[in-house]
Amino acid sequence: QLQLVESGGDLVQPGGSLRLSCAASGFSLDYFVIGWFRQAPGKERAGISCISSSDGRTYYSDSVKGRFTISRDNAKNTVYLQMNRLKPEDTAVYYCATGRGPATTIPTSGGTLRSADFGTWGRGTQVTVSS
C-alpha cells in the first residue's frame, strides 16, 4: 500500500521553529517530486514548497520563502520541511504529496504549485502558531 505520513506538527509560539517530516511507505520517494501544501481554516489548500528528485531543485511560495527549507533524505525515504520564524498566519494543516510528472521537473503553473499536479497525499499534520 502506497502511503505518505506527515509528522512534526505542534503548537508553537510566534517566532519559533518546527520541522515536519513526510515519510513514505510502500514505495520509494527517489522517483518523485515531493510537494508540501497547507490548508488553513476556511481557505483553499495552497502549495508552499517542492523539491525535485535527482538534483534537489526547490520551489518556495512567496509566503514562506526565506523562512522555510525543504530537503530530502532518500536513504530514509523522507522529505523534511524546516520552518523557522513561524507566524500566526502559518497556522494550517500541512500535507505532503508526490508529483504526477517527471521527478526532475517541479510542476509550477503561473508560478504556483497546483494540487492537481500531485497524486498520493498524506493525511496531514496540524501546525498551530499562537502565543
Side-chain angles (χ1 to χ4, degrees):
Q1 183 180 0
L2 308 183
Q3 192 174 14
L4 289 174
V5 178
E6 303 93 339
S7 61
D10 205 345
L11 171 63
V12 63
Q13 291 187 343
S17 298
L18 284 175
R19 189 177 79 158
L20 304 184
S21 299
C22 171
S25 61
F27 68 103
S28 172
L29 290 180
D30 290 10
Y31 305 109
F32 295 94
V33 161
I34 304 298
W36 281 98
F37 290 73
R38 67 186 182 187
Q39 187 166 19
K43 294 188 177 181
E44 292 187 357
R45 187 161 52 187
I48 57 171
S49 188
C50 190
I51 188 166
S52 65
S53 174
S54 57
D55 57 6
R57 282 178 293 150
T58 58
Y59 160 90
Y60 299 97
S61 66
D62 288 343
S63 61
V64 306
K65 195 175 297 181
R67 300 188 298 123
F68 291 10
T69 304
I70 191 171
S71 62
R72 64 193 302 155
D73 186 337
N74 287 345
K76 294 184 178 180
N77 216 22
T78 301
V79 170
Y80 303 99
L81 186 68
Q82 177 67 43
M83 307 188 298
N84 298 328
R85 291 185 282 136
L86 284 161
K87 306 174 182 180
E89 51 264 43
D90 294 318
T91 295
V93 178
Y94 285 69
Y95 302 88
C96 62
T98 58
R100 295 183 186 274
T104 56
T105 303
I106 292 179
T108 56
S109 176
T112 62
L113 297 175
R114 299 186 311 164
S115 297
D117 290 326
F118 291 80
T120 300
W121 291 80
R123 293 187 175 185
T125 186
Q126 176 70 47
V127 172
T128 303
V129 184
S130 175
S131 54

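- A 6.0 Å sphere centred on CD of Glu44 holds no more than 12 heavy atoms belonging to other residues, nucleotides or ligands.
- Among all heavy-atom pairs drawn from Leu2 and Gly26, the shortest one is CD2-O, 3.2 Å.
- Between Ser53 and Arg72, the shortest heavy-atom distance links the atoms CA-NH1, 3.4 Å.
- In this structure a side-chain-to-backbone donor-acceptor pair under 3.5 Å is present from Ser49 to Tyr59.
- We find that Lys65 and Asp62 are joined by a salt bridge, their nearest charged nitrogen and carboxylate oxygen being less than 4.0 Å apart.
- Put simply, the side chain of Gln3 never gets that close to the backbone of Gly122: no donor and acceptor are under 3.5 Å apart.
- Of the possible polar contacts, none joining the Thr105 side chain to the Pro107 backbone as a donor-acceptor pair under 3.5 Å is found.
- Looking at Gln39, its side chain never comes within 3.5 Å of a backbone N or O of Val93 through a donor-acceptor pair.
- In this structure, OG on Ser17 lies 3.5 Å from CG on Asn84, to the nearest 0.5 angstrom.
- When atom types are taken as modelled, the side chain of Arg114 and the backbone of Gly47 share no donor-acceptor pair closer than 3.5 angstrom.
- Looking only at atom types and distance, the side chain of Tyr94 has a donor-acceptor partner in the side chain of Arg38 under 3.5 Å away.
- Clustering ILVMFWY residues whenever any of their side-chain heavy atoms sit less than 4.5 angstrom apart, transitively, puts Val79 in the very cluster that holds Tyr60.
- The main-chain N or O of Ser63 is found under 3.5 Å from a side-chain atom of Arg67 such that the two form a donor-acceptor pair.
- Figure legend: Arg45 and Tyr95 shown as a cation-pi pair, the cationic atom lying under 6.0 angstrom from the six-membered ring centre and within 45 degrees of its axis.
- Counting only distance, with no hydrogens or angles, the side chain of Thr125 and the backbone of Gly9 share a donor-acceptor pair below 3.5 Å.
- By the criterion of side-chain heavy atoms lying less than 4.5 angstrom apart, applied directly or through intervening Ile, Leu, Val, Met, Phe, Trp or Tyr residues, Val127 is not grouped with Leu11; the two fall into different hydrophobic clusters.
- A donor-acceptor pair is defined here as one N or O able to donate and one able to accept, closer than 3.5 Å; such a pair exists between the side chain of Thr98 and the backbone of Thr120.
- Atom CH2 of Trp36 and atom CD1 of Ile48 lie 8.0 Å apart (nearest 0.5 Å).
- Across all their heavy atoms, Ile34 and Cys96 have their closest contact at CG2-CB, 4.5 Å.
- Here the SG atom belonging to Cys50 is positioned 4.5 Å from the CD1 atom belonging to Ile106, to the nearest 0.5 angstrom.
- Thr91 and Val129 get closest at one heavy-atom pair: OG1-N, 2.9 Å.
- Clustering ILVMFWY residues whenever any of their side-chain heavy atoms sit less than 4.5 angstrom apart, transitively, puts Ile51 in the very cluster that holds Phe68.
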- Message: If you apply the rule ring pair (Phe, Tyr, Trp, His ring centres under 6.0 Å), what do you find for Phe37 with Trp121, and how did you get there?
- Response: CA-CA 10 Å; Phe37 290 73; Trp121 291 80; 4.8 Å; yes

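- In this structure, the side chain of Arg85 engages the main chain of Gly66 through a donor-acceptor pair within 3.5 Å.
- No donor-acceptor pair under 3.5 Å is formed between the side chain of Asn74 and the backbone N or O of Asn77.
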- Task: Evaluate the side-chain contact (heavy atoms from CB on, under 4.5 Å) criterion for residues Leu113 and Thr108: first the C-alpha distance (whole Å), next the side-chain angles of each, then the deciding distance (0.1 Å), finally the verdict.
- Result: CA-CA 5 Å; Leu113 297 175; Thr108 56; 4.0 Å; yes

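- Phe27 is not connected to Phe118 by any chain of hydrophobic side-chain contacts under 4.5 Å among Ile, Leu, Val, Met, Phe, Trp and Tyr, and they are in different clusters.
- Heavy-atom minimum distance, Leu4 versus Cys22: CD2-SG, 3.8 Å.
- Between Met83 and Leu20, the closest heavy-atom pair is CE-CG, 3.7 Å.
- Thr78 and Asp73 share no donor-acceptor pair across their side chains, judged by distance under 3.5 Å alone.
- Between the side chains of Ser130 and Thr128, not a single donor N or O lies within less than 3.5 Å of an accepting N or O.
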